[in-house]
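What follows is one structure encoded as structure tokens, with my remarks underneath.
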Protein chains: 2
Amino acid sequence: MTMTIPTTPTSYHHGNLRQELMNLAVKHLISDGIGELSLRALAREIGVSQTAPYRHFKDKNALLAALATEGFSRFFEFCLPSEREPRADLSLLYFGLGYVQFAKTHTELFHLMFGPVLQPRNDYPELFAMGREAIYKVRASVERGYKTGVLRELDDVASMAHTVWAAVHGVATLMLDHGDTYGYHRDLDLQAEKSLRMMIAGFCTDPTEISQLPTTLTPYPPEPTE
Amino acid sequence: MTMTIPTTPTSYHHGNLRQELMNLAVKHLISDGIGELSLRALAREIGVSQTAPYRHFKDKNALLAALATEGFSRFFEFCLPSEREPRADLSLLYFGLGYVQFAKTHTELFHLMFGPVLQPRNDYPELFAMGREAIYKVRASVERGYKTGVLRELDDVASMAHTVWAAVHGVATLMLDHGDTYGYHRDLDLQAEKSLRMMIAGFCTDPTEISQLPTTLTPYPPEPTE
DNA sequence: ATGCAATGTTGACAGCGATTATATCGGGTG
DNA sequence: CACCCGATATAATCGCTGTCAACATTGCAT
């Protein structure tokens, strides 16, 4: 009887199936996309019966929802620079840059979190809550921007936050879903950042800070390393 | 031997299968969504064998691509007010409003046309061309706006058009995919229009025209009539 | 008329999500 | 210690799907 930690458990009960399913699912999500992900394939690869996953997830969408929820945790890390930035206008810019960066490096998770696959959201309360949390972060920045006078008070806080969100969301999704309409170049990253700056600058009382901030382009390419 | 026009053909050959498949597919797309659409179900409902559709579409995605391509034709009609408007800034606003309106009334088509389902676009040349045609329309407006001096020359025409596109696209997709994060109200339409105006106004030398134009809200609700 | 390309049919295969009933484990209670 | 119960995994199965290969029918051009 092996007493090793069950990395390769020989026992009847796997013991860590839920987590292992999610880990493997993320991998397949990255390499094959949402549509190709199959519960059966996951179970097969882990070496467990094809119905075992159903002990941990009510159905396939429940697994996807769990992935998306976990994805939000990673997403919030991408937005950390935004929360640490005291200037509200720069904070919004950092939020946008983090948003785009996340979309680029976790494309399939992004589609899961922000796309139409898991709808209506009411069926996934945790996921719903995560979305709310995200928008609240933007609202906080906008409110701060109003108080400090760096943002133009074009509308109430909620509406303004929604607008900022829409701007950022548009840049990111357009980059993902229509990137090949323009060709997949470094230009795309650059264009995304330019678009972000243009729009956010339009919300500022003094746009010079936004335009003067040095570019945050990450070393290109992340290029599918094969 | 009935000589009636084959609305209900009794002959071996259907004669109009391709078009009928597409019509029925659109219907099912509206009521059931992309994921639920099944070639077999379509064939069954039309009263034809389950493999007959493959004489007209290489695979399921080919049918979806055809739908998306056809969808662009309808889409361009929604943008007609934009092309008829001589003032370039208002033209962009109309483009955005048409875009949002289309997304709301043809949600599933919208997801097909602008979402990640049919990717890479290289596999669907006509679809690809349609996307290009759309962006060219925006570019034309931007160029006109530069020449007439109503748009601020924040960047070159292509970049500026991309940015406008991103703004509009963000408003529409956020409305569709995160509408229930805020609740499905008339407020959503209103918010979309406000966001559009805010962003486009930021691109104008004189934003008063944009903000003074009367609201274009259509009678609410389209409400699932069921 | 005849032959060919386009169109539709039949039958089959593998893969999928999901359900039901059954087997195995492990921890807490007597 | 023995026992039982809940949590977990299994086996067998259903109905559905996309897709393929081989065959049947049609209409049009020659």
Side-chain angles (χ1 to χ4, degrees), chain A residues 1-25 28-29 31-67 112 117-119 123-124, chain B residues 1-25 28-29 31-67 112 117-119 123-124:
Chain A
M1 179 189 295
T2 60
M3 287 300 280
T4 59
I5 289 134
T7 51
T8 313
T10 58
S11 64
Y12 186 94
H13 283 66
H14 181 281
N16 198 23
L17 186 53
R18 183 186 167 95
Q19 195 53 51
E20 193 155 348
L21 276 170
M22 291 186 63
N23 294 343
L24 191 60
H28 277 107
L29 213 55
S31 57
D32 301 338
I34 295 175
E36 308 303 317
L37 192 117
S38 138
L39 289 189
R40 292 169 95 108
L42 291 179
R44 212 179 305 135
E45 191 166 342
I46 292 180
V48 88
S49 95
Q50 59 192 22
T51 55
Y54 286 87
R55 287 292 138 192
H56 300 276
F57 302 100
K58 184 198 148 211
D59 56 22
K60 187 181 176 179
N61 271 1
L63 168 60
L64 293 180
L67 292 181
L112 226 41
V117 178
L118 299 170
Q119 260 174 351
D123 300 346
Y124 314 97
Chain B
M1 180 189 295
T2 60
M3 287 300 278
T4 58
I5 287 131
T7 52
T8 311
T10 58
S11 63
Y12 186 91
H13 282 66
H14 182 282
N16 199 23
L17 187 51
R18 182 186 167 96
Q19 195 53 50
E20 192 154 350
L21 275 170
M22 291 188 62
N23 294 342
L24 192 59
H28 277 104
L29 213 54
S31 56
D32 301 337
I34 296 175
E36 309 303 316
L37 193 120
S38 139
L39 288 188
R40 291 172 96 108
L42 292 179
R44 212 177 304 135
E45 191 166 343
I46 292 181
V48 88
S49 94
Q50 59 194 19
T51 54
Y54 284 86
R55 290 293 140 192
H56 301 275
F57 302 99
K58 182 200 149 211
D59 56 20
K60 188 180 176 181
N61 271 0
L63 168 60
L64 293 180
L67 292 181
L112 226 42
V117 179
L118 300 171
Q119 259 173 350
D123 300 346
Y124 314 98

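Sequence lines set the chain letters: A, B, ... in the order given, protein chains first and strands last, and positions in each chain run from 1. FYI, side chains are in, hydrogens and waters are out, and symmetry mates aren't considered; it's all heavy atoms of this structure.
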Could you list the protein-to-nucleotides 17-19 of chain D atom pairs, N/O on both sides, closer than 3.5 Å?
residue, atom, partner, partner atom, Å
D:dT17, OP1, B:S38, OG, 3.1
D:dT17, OP2, B:R44, NH2, 2.7
D:dG18, OP1, B:L39, N, 3.2
D:dG18, OP2, B:L39, N, 3.3
D:dG18, OP2, B:R40, N, 3.3
D:dG18, N7, B:R40, NH1, 2.4
D:dG18, O6, B:R40, NH1, 2.7
D:dT19, OP2, B:Y54, OH, 2.9
D:dT19, OP2, B:K60, N, 3.1
D:dT19, O4, B:R40, NH1, 3.3

Could you check how far [atom1] of [X] sits from [atom2] of [N], rounded to whole Å?
X     : N      : atom1 : atom2 : value
A:I46 : D:dT10 : CD1   : P     : 11 Å
A:L42 : C:dG15 : CG    : P     : 15 Å
B:N16 : D:dT26 : CG    : C1'   : 16 Å
B:F57 : C:dT7  : CZ    : P     : 11 Å
B:L17 : D:dT26 : CG    : P     : 16 Å

Sequence neighbours left out, what passes side chain to side chain contact (heavy atoms under 4.5 Å, CB included) with [X]? Give chain and number order.
X     : result
A:N23 : A:Q19
A:T51 : A:S49
B:S31 : none

- Message: When you measure from the side-chain N and O atoms of A:H56 to the phosphate of D:dA9, is any distance below 4.0 Å, counting only OP1 and OP2?
- Response: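 Answer yes for this pair, as a side-chain N or O of A:H56 is under 4.0 Å from OP1 or OP2.
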
- Between atom CG of B:D32 and atom CG of B:L29, what is the distance when rounded to the nearest 0.5 Å?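 So the CG of B:D32 and the CG of B:L29 are separated by 9.0 Å.
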
Side-chain donor-acceptor distances from residues 34-48 of chain B under 3.5 Å, at least two apart:
residue, atom, partner, partner atom, Å
B:S38, OG, B:R40, N, 3.2
B:S38, OG, B:A41, N, 2.9
B:R40, NH2, B:Q50, OE1, 3.0
B:E45, OE1, B:H28, NE2, 3.1

- Task: State which residues pass side chain to side chain donor-acceptor pair (under 3.5 Å) with B:Q119; sequence neighbours excluded, sorted by chain then number.
- Result: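 Side chain to side chain donor-acceptor pair (under 3.5 Å) list for B:Q119, sorted by chain: empty.
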
